[in-house]
Amino acid sequence: MSDLKGALIGCGFFAVNQMHGWKGVQGATIVAICDRDPERLKIVGDQFGIDRRYTDASQMFAEGGFDFVDIATTVNSHRPLIEMAALHKVPAICQKPFAPTLADAKAMVAACKTAGVPLMIHENFRWQTPIQAVRKALESGAIGLPFWGRFSFRSGYDVFSGQPYLAEGKRFIIEDLGIHTLDIARYILGDVTSLTARTKRVNPRINGEDVATILLDHDNGATSIVDVSYATKQSIEPFPETLIEIDGTEGSIRLSQGYELQVTNADGTVNTDVAPTLLPWASRPWHNIQESVFAIQQHWADSLKAGTETSTSGTDNLKTFALVEAAYESAATKTTVDIGTLLT
Ligand code: NAD
Ligand code: 89V
């Protein structure tokens, strides 16, 4: 089977990782790019040798000649661009966060369903090597049935220099980073029935919250905590590591700073180095994220060819996005929010 042809929209900060990722993916090639900013279009077009360049996405769709689109723009453009893809019956990948609101996200899923095209959200954190290792350890049965978990991302890393828009919005850490951590919690412990959240803004130079603590009730009866912070100064900066603790009926799993996995049960303790690979184009400390970009893109190419649903399909990611909406609602109202109600 010949390579799938892809088009990428949005040639900003993160798209450079996606373009590098696509170079390594087997079975897919980017043939066209689009950015409404001609300068970004030129930088990325020249760096990756792409001749077909557009400043207008509708013109690119009208000319066609690609099998899927990869949308790497910021959130406000996601719905119109996904609806454009659906109109042209083009399978689509959309960066997180899914949409500005859950209603928009539901409309995007509906548009793709009606058009009969797959939609995948680029929710890459569950594809990180250490996260995959935790899931495998749990699936092996080594710790029995999980009843408690903690998914923690606490950092003082300056994300605002690369992504200045993160300082501007009324919402920050839950929508941008917590969305990944909530998705990991779902991926490891299963879907969530209800949630309680508290937030804080510590950094006075940003508009949104930079600390959040979220208590999750999972379908399987497990309880977990998702705690995220960009206001935490530590001796060794852990960015961008998610640290995990899982307690089960027969043992425990710990994913510690430095990508160390420890699985303990009645047979003893097994320690494993689960550090991500440093891909040739990647750089520390981002390599953990960069490797997961390649992994999710390979998964997309394989799934599109096989006609199978992706792990983070639009339908799946509605359940993660609902947790984001619920966390803001819970923090604002100081109530526990029922997730089922949001998803109906
Ligand atoms: P950015 O602002 O650097 O880049 C976005 C680009 O999209 C800009 O060049 C802009 O001109 C272009 N653009 C916006 N609307 C457009 C439209 N309608 N048509 C054509 N071009 C358009 O932003 P970024 O930091 O690269 O973030 C992009 C997305 O990636 C965000 O949703 C962000 O949350 C996400 N992101 C994901 C990860 C991850 O690990 N999954 C990491 C960082 C950022
Ligand atoms: O993954 C992201 O969305 C990024 C970062 C890791 C910096 O929060 O914005």
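Every number for a ligand or one of its atoms is a count from 1 in the order of the listing. Everything numeric in this text was worked out from a predicted model, so none of it was measured.
- The protein heavy atom nearest to atom 22 (C) of ligand 1 is T73 CG2, 3.5 Å.
- Nearest protein neighbour of atom 3 (O) of ligand 2, counting heavy atoms only, is K96 NZ, 2.5 Å.
- The contact set between ligand 1 and D176, taken as ligand atoms under 4.0 Å from a residue heavy atom, comprises 34 (O).
- Under the 6.0 Å cut-off for aromatic ring centres, Y54 and F61 do not qualify, their centroids lying 6.0 Å or more apart.
- Where the criterion is an N or O separation shorter than 3.5 Å, residue side chain and backbone included, K96 meets it with respect to ligand 1.
- Within the 4.5 Å cutoff, the side chain of Q290 has heavy atoms near those of the H287 side chain.
- For the residue pair D104 / T101, a side-chain donor-acceptor distance below 3.5 Å is found, with atom types taken as modelled.
- Each of the following atoms of ligand 1 lies closer than 4.0 Å to a heavy atom of A72: 28 (C), 29 (C).
- Protein heavy atom in closest approach to atom 8 (O) of ligand 2: D176 OD2, 2.8 Å.
- Ring geometry for Y157 versus F239: interplanar angle under 30°, hence parallel rather than tilted (30 to 60°).
- Taking the ring axis of F172 as reference, the NZ or CZ atom of R201 does not stay both within 45° of it and closer than 6.0 Å to the ring centre.
- Tested against R171, the residues E329, E209, E325 include a single salt bridge (Lys or Arg N to Asp or Glu O under 4.0 Å) partner, E325.
- The protein non-hydrogen atom at the shortest distance from atom 10 (C) of ligand 1 is D35 OD1, 3.5 Å.
- A donor-acceptor contact under 3.5 angstrom links the side chains of S152 and D227, judged on distance only.
- C94 contributes atom SG, which lies 10.5 Å from atom NE2 of H122 (distance to the nearest 0.5 angstrom).
- Scanning the protein for heavy atoms near atom 3 (O) of ligand 1, the closest one is F13 N, 2.9 Å.
- Atom 2 (C) of ligand 2 has its closest protein heavy atom at H180 NE2, 3.4 Å.
- The ligand atoms of ligand 1 that sit less than 4.0 angstrom from a heavy atom of I289 are 40 (O).
- At least one heavy atom of F125 sits less than 4.0 Å from an atom of ligand 2.
- In terms of protein heavy-atom proximity, atom 25 (O) of ligand 1 is nearest to Y165 OH, 2.7 Å.
- Taking every heavy atom of Q163 and a limit of under 4.0 angstrom, the matching atoms of ligand 2 come to 4 (C), 7 (C), 9 (O).
- Taking CG from D70 and CD1 from I33, the interatomic distance works out to 12.0 Å, rounded to the nearest 0.5 Å.
- Atoms of ligand 1 found under 4.0 Å from any heavy atom of P97 (numbered from 1 in listed order, with element): 32 (O), 34 (O).
- Proximity annotation for atom 19 (N) of ligand 1: of L8, L177, I9, I9 comes nearest, heavy atoms only.
- Here's the thing with G10: none of its N/O atoms is less than 3.5 angstrom from an N/O atom of ligand 1.
- Of all the atoms in ligand 2, the ones that sit under 4.0 Å from a non-hydrogen atom of V159 are 7 (C).
- Among all protein heavy atoms, the one lying closest to atom 4 (O) of ligand 1 is G12 CA, 3.2 Å.
- Between E123 and ligand 1 there is no heavy-atom distance shorter than 4.0 Å.
- Taking each of V44, N17, N124, N288 in turn, the one with a heavy atom nearest to atom 40 (O) of ligand 1 proves to be N124.
- Side-chain contact check for V16 versus F48: some heavy-atom pair is nearer than 4.5 Å.
- Between the choices R36, Q128, E175, the shortest heavy-atom distance to atom 14 (C) of ligand 1 belongs to R36.
- Only side-chain heavy atoms of W286 come within less than 4.0 Å of ligand 2; its backbone N, CA, C and O stay farther off.
- Near R40, meaning under 4.0 Å from one of its heavy atoms, ligand 1 places the atoms 9 (O).
- Other residues, nucleotides and ligands place more than 12 heavy atoms under 6.0 Å from the CG atom of D46.
- Looking at D56 and R36, no side-chain N of the basic residue comes within less than 4.0 Å of a carboxylate O on the acidic one, giving no salt bridge.
- Expressed to the nearest 0.5 Å, how far CD of E83 lies from CG of L87 amounts to 9.5 Å.
- Connection of F13 to I206 is established within a shared hydrophobic cluster, with ILVMFWY side chains joined at heavy-atom distances below 4.5 Å, either directly or through further cluster members.
- Checking T336, I225, L195 one by one against L215, the side-chain contact (heavy atoms from CB on, under 4.5 Å) holds for a single residue, I225.
- The part of Y230 lying near ligand 2 is the side chain, judged by heavy-atom distances below 4.0 Å.
- Applying the 4.0 Å criterion to heavy atoms of F125 picks out, from ligand 1, the atoms 40 (O).
- Residue S77 touches ligand 1 through its side chain alone, judged by heavy-atom distances below 4.0 Å.
- Looking at atom 26 (O) of ligand 1, its nearest protein heavy atom turns out to be F14 N, 2.8 Å.
- Looking only at heavy atoms of the protein, atom 37 (C) of ligand 1 is closest to Q95 OE1, 3.2 Å.
- The aromatic rings of F68 and W22 lie tilted to each other, with the angle between the two planes from 30° to 60°.
- A continuous path of Ile, Leu, Val, Met, Phe, Trp and Tyr side chains, each step under 4.5 Å between heavy atoms, connects L102 with L182, placing both in one hydrophobic cluster.
- Counting the atoms of ligand 1 from 1 in the order shown, those under 4.0 Å from a heavy atom of Q163 are 25 (O), 43 (C), 44 (C).
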